Number of protein chains: 2
Amino acid sequence: MKRLTTEDVARIAGVSQSTVSRVLNDYPYIKKHTREKVLAVIEELGFTRDEIARSLVEKRTKSIGLILGSISNPFFAETAEVIIERAQQLKYDVIVYNTGHKDENLEQAINLLIGKRVDGIILTSVSKNYTEKIKKLHDNGFPVLLYNSFLDIEDVNFIVMDNNKGARVAVQHLLGLGHEKIAKISGPSKYLATYERTMGYKQELTDNGYAIDDDLIFSSEFSYDKIYSFTKKLLKKKDRPTAIIAASDQMALAVLGAASSLDMKIPDDLSVVGFDNIRLASNEFIGLTTISQKMDEMSLTALEKLIYLIEHKEEEAAASIQIFLEPELMIRRTTGPAPKQD
Amino acid sequence: MKRLTTEDVARIAGVSQSTVSRVLNDYPYIKKHTREKVLAVIEELGFTRDEIARSLVEKRTKSIGLILGSISNPFFAETAEVIIERAQQLKYDVIVYNTGHKDENLEQAINLLIGKRVDGIILTSVSKNYTEKIKKLHDNGFPVLLYNSFLDIEDVNFIVMDNNKGARVAVQHLLGLGHEKIAKISGPSKYLATYERTMGYKQELTDNGYAIDDDLIFSSEFSYDKIYSFTKKLLKKKDRPTAIIAASDQMALAVLGAASSLDMKIPDDLSVVGFDNIRLASNEFIGLTTISQKMDEMSLTALEKLIYLIEHKEEEAAASIQIFLEPELMIRRTTGPAPKQD
DNA sequence: CTGAAAGCGCTTACAG
DNA sequence: CTGAAAGCGCTTACAG
């Protein structure tokens, strides 16, 4: 498969290679006749410009990197969909990496994306361990935006929900329903978002005069199977919790699965609150009570801000982008009054 | 942010630019001392090779394109996860496009990916309308693999489930449970996979002596909302079906949502069968009966075969890759005996 | 073993 | 308006 070049087009159209290039770039001062002749040849040959060569000259690729924790989690999938579609409209393409929440994959992903000369990166779920690496990128003027996470770096760009408040709202809701034993199933505490949610949970309980029971807090990697079996064990205990706040809707579904496998009725026997508000949460067959992350807004904003950073990189020190979104409690079928004590 | 080049490294290390390049490429005949000096400078400077320039010379990008119908559908998300992770291991990166099942986006995605000079493309849900376009690519020797779909093109590469048989198995299962009014909610018939499922449904009913009732067949674009409202209307009818076969698990969830919104009990009032076997289908809280596509196998094979095609392009006319997978019925909680006639 | 040089396919200042 | 030429940052035959 011999690829065609602007040189080929030029030869056949009887003009110079630079003229072909100008036509391709909509350069205004070209004789109508010349332009049309070139266009005709391009059309006839089915010529497609080599964007790789173009990127080399223009020092930009019109590609961005999107690093996700796990795309099979609907939170990430829905995020990716919004970002990819909007990027496509803005003529950027998106190279997607899936880290499986492993730090070493994150490191590799960043290095490869830098090598591929992407114009910017959106990074989800960065752990604290990577503060230095991200700081270096950011200080070099490379456009990076942290999504649903943030790090303690001056002027770093991020968009994140107020996770502490989100957890507090969830606890309030359950307390209001009469629950007194509320478990918290969290992701790894190396993620600031996770850490803040656990803090919010503890603070809200303490503020309401409840003691913190460490047996009710499970901090695990994001693994469906681990959450599932932990929940099963937890629910078999005599003094089991009557409500569970999960780290995400995905994890809430694992909790619901575990409870169902024990023939527990939801919400009669157990109330469950998720985090994210994935689309499935509002499906009436499921009806998951959850803390909304306003994902559509968060992901669309993330993409647009990143593109802004890319396209205004050279201008007066662009103010850094730091956005906090308000959590919103979505009450549905998986939460109800605490079962009577017996 | 001034980027470093091999030229910079060479100057500082006191060697020629070509030597730096050779070190980068693990060229064997380099004096140990030279190699170490260069490596030290690379390390110290934090130099990263420009893969764009390299791609231009080597005429390959180590990127592949993945064109998906809708990544927020778990079928595509789970597919993407497997493909992206395996590609990453094989040192390829993946540019993901989301067509939203719109033909014009498919066309645009292919053109952009060709421009970006990806080494190959995995294409899901191609409609018949694109037979010519794909044929041209394929005939040009460009590696394309159709995933979960196929087209009538000689020697085209594809991996697909036996959709006709899958639909038949679903019908058999419901017939065996005593259902006589079985509805079929399908995607657009421009997709061969969808078309074959509808055919299989009709054939199995006919073979068992049932008439085809066109009012029970809904062929729509893949829109959650459309399926949802159609189902609601359908279930309100006096002579409503007692079972529904949905085009995908995602659509089955829309059907279940609609039924739940009408306070129907599953499976007592209505049996539902999906297609795909997404991970959520086996969650006990949901327990969706479905036809398994063996997605993990299908997606892993797809990626590996595409890479094979890419890396053996120049060799003796590589046999084309045409894989049919067997469907498998997964019986869970959403199907049960037909309600008594009254 | 190593350097100088050509070349990948474009863009764009420079000249006319 | 248009062409000839330099240059983007690499790889790799060619020479030594």
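Remember, it's a predicted structure, so these values are computed and weren't measured experimentally. The analysis underlying the following values was restricted to heavy atoms, covering all of them including side chains, and did not include hydrogens, waters or symmetry mates.
- Note on A/S18: a base of the nucleic acid sits closer than 4.0 angstrom, heavy atoms only.
- Within 4.0 Å of A/T19, counting heavy atoms only, lie sugar-phosphate atoms of the nucleic acid but no base atom.
- Of all heavy-atom pairs spanning B/L151 and B/L192, the tightest one is CA-CD1, 4.0 Å.
- Taking 4.0 Å as the cut-off between side-chain N and carboxylate O, A/D93 and B/K116 count as a salt-bridged pair.
- For B/L24 and A/R35, each mapped to the nucleotide of DNA chain D holding its nearest heavy atom, the one lying further toward the 5' end belongs to A/R35.
- Across all strands shown, B/S21 has heavy atoms under 4.0 Å from base atoms, whether or not it also approaches the sugar-phosphate.
- Minimum interatomic distance between B/I159 and B/A302 (heavy atoms only, all atoms of both residues): CG2-CB, 4.1 Å.
- Distance check: B/I121 CD1 to B/I134 CD1 gives 8.0 Å after rounding to the nearest 0.5 Å.
- The residue A/S55 sits apart from the nucleic acid: no heavy atom pair falls under 4.0 Å.
- Nearest-nucleotide assignment on DNA chain C puts the 5′-proximal partner with B/Y27, out of B/A53 and B/Y27.
- At the heavy-atom level, A/R49 lies under 4.0 Å from the strands shown only through sugar-phosphate atoms.
- Closest of all the heavy-atom pairs between A/V126 and A/S149 is CG2-OG, 3.4 Å.
- Base engagement by B/Q17 is indicated by at least one non-hydrogen atom pair under 4.0 Å involving a base atom.
- If you walk DNA chain D from 5' to 3' and mark each nucleotide with an atom closer than 4.0 Å to a heavy atom of chain A, the marks span D/dC1 to D/dG9.
- C/dT2: Watson-Crick or G-U partner is D/dA15, with both key distances under 3.5 Å.
- In this structure, A/K128 places its NZ atom where more than 12 heavy-atom neighbours from other residues, nucleotides or ligands lie under 6.0 Å away.
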